[in-house]
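The block underneath contains the structure these notes are about, expressed in structure tokens.
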Amino acid sequence: MRKPLIAGNWKMHGSKSQVKALIEGIKQGADGFAEIDILVLPTFVHLAEAKTLLDASAIMLGAQNLYPGTQGAFTGEVAGPMLADLGCDYVLIGHSERRTLFHEDLALIAAKFKAAIEAGLKPILCVGETRDQREHGETVRVISEQIQSVIEAAGIEAFRQAVIAYEPVWAIGTGLTATPEQAQEVHAYIRQLLSQINVDIGKTIRILYGGSMKAENASSLLAMADIDGGLIGGASLDAASFLKICAAAMPMDNSVQKAKVN
Ligand code: 13P
């Protein structure tokens with residue numbers, strides 16, 4: 001059974017007071033959601049405060065990035081063991097904003113993925129095609145390259161600890177969402193890609209959808225057989241919207257989830 005995971009990527013948003021209000025709001029509403037995993041990913045500077053605020057709740061904490069290596073002369077960077085030490089469970093790797101704005105290439109992303117595993121963190125490997133690549137029929141090639149390069153560097157077994165997030169670049173922050181069918185097609189492809197190498201990992205790995213997921217479209221996306229949760233940007237900054245997406249991921253809310261029991 002793949003437990004749904006709803007993750008809020010807060011990107012570069014939030015003040016101390018906003019983080020406090022958001023976490024308190026999510027905590028208040030999250031009590032009934034034992035059948036799903038909930039994760040928040042604040043900025044580095046808010047992680048320690050977020051950990052304290054999350055306290056004994058079941059909501060998990062993650063970071064948006066790390067630098068490979070354990071320590072050293074890398075001014076401004078943060079290492080995996082530091083995140084683990086703070087109480088982080090997860091870390092985003094290869095988000096499209098990092099690939100594009102910060103020129104992270106396949107080799108660096110693979111090194112970051114490995115570093116996350118070595119630090120005991122669960123990497124959420126983000127993959128996705130641009131609009132141009134989709135229009136040129138390159139979606140499968142791009143996704144395959146983004147995943148294969150990590151498998152080559154880190155080995156398939158590392159994916160037992162990992163989550164994959166399919167985030168079509170054209171749907172991020174644009175209000176455009178992949179249709180449930182478009183997303184399902186890519187999710188099924190990703191699962192098949194991993195299954196070809198290791199059937200068990202292919203069956204059990206969680207594949208999240210990200211890209212303008214919100215309360216209004218979450219149910220139809222989450223109903224698809226290979227969509228195991230969401231990586232939410234904008235809609236995760238409002239506790240009520242985020243909780244509505246969590247509600248849409250609850251198995252009882254969604255009869256198709258039952259079909260996800262392998
Ligand atoms: P939006 O939900 O704002 O489109 O962002 C998606 C995303 O990039 C999550 O990582």
Side-chain angles (χ1 to χ4, degrees), residues 2 5 7 9 37 39 41 60 62-70 74 77-84 88-130 133-134 138-169 171-172 178 183 185-211 226-231:
R2 299 191 297 269
L5 170 62
N9 175 9
D37 285 338
L39 168 68
L41 302 137
M60 292 179 292
Q64 299 172 19
N65 187 25
L66 57 64
Y67 192 76
T70 52
F74 301 103
E77 295 296 329
V78 176
M82 297 170 182
L83 299 173
C88 288
D89 304 292
Y90 286 84
V91 61
L92 294 183
I93 302 289
H95 191 281
S96 77
E97 285 147 22
R98 302 234 38 106
R99 292 180 195 260
T100 314
L101 302 172
F102 303 100
H103 312 291
E104 292 193 5
D105 62 13
L106 296 176
L108 179 58
I109 289 164
K112 288 186 171 194
F113 184 99
K114 264 181 92 171
I117 297 283
E118 281 159 13
L121 298 164
K122 296 183 179 72
I124 301 180
L125 176 65
C126 304
V127 299
E129 80 289 0
T130 63
Q133 287 164 335
R134 175 165 279 265
E138 293 176 44
T139 301
V140 160
R141 180 191 63 74
V142 170
I143 304 282
S144 159
E145 187 178 64
Q146 289 171 341
I147 295 176
Q148 295 285 9
S149 54
V150 177
I151 297 175
E152 273 164 36
I156 190 70
E157 284 298 319
F159 281 76
R160 287 194 195 279
Q161 316 305 324
V163 172
I164 293 181
Y166 170 54
E167 299 206 302
V169 179
I172 295 177
E185 194 182 2
V186 179
H187 282 233
Y189 167 73
I190 293 171
R191 198 175 300 291
Q192 181 216 340
L193 184 73
L194 293 166
S195 293
Q196 277 169 1
I197 308 169
N198 185 305
V199 177
D200 186 46
I201 292 174
K203 256 190 195 174
T204 53
I205 195 161
R206 292 186 290 187
I207 308 175
L208 314 182
Y209 170 79
D226 290 296
I227 301 185
D228 307 313
L231 181 55

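Computed from a predicted structure; not experimentally measured.
- Remark: T130 OG1 to I172 CD1 distance equals 11.0 Å, nearest 0.5 Å.
- Closest heavy-atom contact between G210 and P168: O-CD, 3.3 Å.
- The minimum heavy-atom distance linking S96 with V169 is given by the pair CB-CG2, 3.8 Å.
- Atom-to-atom distance recorded for R2:CZ and D228:CG is 4.0 Å, nearest 0.5 angstrom.
- In this view, R99 satisfies the salt bridge (Lys or Arg N to Asp or Glu O under 4.0 Å) rule with no residue, not counting sequence neighbours.
- Not one N or O on the side chain of D89 forms a donor-acceptor pair closer than 3.5 Å with the backbone of G62.
- Y189 meets the ring-ring contact (aromatic ring centres under 6.0 Å, His included) test with no other residue; sequence neighbours excluded.
- I227 places none of its side-chain heavy atoms less than 4.5 Å from the side chain of Y166.
- Checked against salt bridge (Lys or Arg N to Asp or Glu O under 4.0 Å), E97 has the following partners two or more places apart in sequence or in another chain: K11.
- The ring-ring contact (aromatic ring centres under 6.0 Å, His included) search around Y90 returns none, not counting sequence neighbours.
- Every residue was checked against the side chain to side chain contact (heavy atoms under 4.5 Å, CB included) condition with E185, not counting sequence neighbours, and none meets it.
- With sequence neighbours excluded, the residues that form a side chain to side chain contact (heavy atoms under 4.5 Å, CB included) with A158 are F113, I117, A154.
- Minimum heavy-atom separation, A110 to A153: CB-CB, 3.6 Å.
- At distances below 3.5 Å, not a single donor-acceptor pair connects side-chain atoms of R134 with backbone N or O atoms of T139.
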Quick one, I156 with L194, criterion side chain to side chain contact (heavy atoms under 4.5 Å, CB included). Give me CA distance, side-chain angles, the key distance, then yes/no.
CA-CA 8 Å; I156 190 70; L194 293 166; 3.7 Å; yes

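- Remark: E138 pairs with R141 by the salt bridge (Lys or Arg N to Asp or Glu O under 4.0 Å) rule, at least two apart or across chains.
- Judged as a side-chain hydrogen bond (donor to acceptor under 3.5 Å, both in side chains), not a single pair has a partner in residues 142-152 (not counting sequence neighbours).
- For P81, the side chain to side chain contact (heavy atoms under 4.5 Å, CB included) partners at least two apart in sequence or on another chain are T70, A79, A119.
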Stepwise side chain to side chain contact (heavy atoms under 4.5 Å, CB included) check, V163 with L231:
CA-CA 11 Å; V163 172; L231 181 55; over 6 Å; no

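- Residues I109 and L125 form a side-chain contact, since some pair of their non-hydrogen atoms from C-beta on lies under 4.5 Å apart.
- With sequence neighbours left out, E167 forms a side chain to side chain donor-acceptor pair (under 3.5 Å) with H95.
- For D37, the side chain to side chain donor-acceptor pair (under 3.5 Å) partners two or more places apart in sequence, or in a different chain, are K3, R206.
- Residues L121 and G80 share a closest heavy-atom pair of CD1-O, 3.6 Å.
- I197 approaches I151 most closely through the heavy-atom pair CD1-CD1, 3.7 Å.
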Q: Apply side chain to side chain contact (heavy atoms under 4.5 Å, CB included) to D226 and I190, showing your working.
A: CA-CA 9 Å; D226 290 296; I190 293 171; over 6 Å; no

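- Checked by atom type and distance alone, the side chain of Q161 never pairs as donor or acceptor with a backbone atom of G120 at under 3.5 Å.
- A distance-only check finds a donor-acceptor pair linking the side chain of K112 to the backbone of L66 [under 3.5 Å].
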* To do: Would you please test L39 and I124 for side chain to side chain contact (heavy atoms under 4.5 Å, CB included) and show each step?
  => CA-CA 11 Å; L39 168 68; I124 301 180; 3.6 Å; yes

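- Here the closest heavy-atom approach between residue L41 and residue A7 is recorded as CD1-CB, 4.1 Å.
- With sequence neighbours excluded, the residues forming a side chain to side chain contact (heavy atoms under 4.5 Å, CB included) with D200 are R160, N198, T204, listed by chain and number.
- Contact annotation: the side chain of P68 approaches that of L108 to within less than 4.5 Å [non-hydrogen atoms, C-beta and beyond].
- At a threshold of 4.5 Å between non-hydrogen side-chain atoms, the residues V150 and F159 count as touching.
- Once rounded to the nearest 0.5 Å, the distance linking CD1 of I93 with CZ of R98 reads 10.0 Å.
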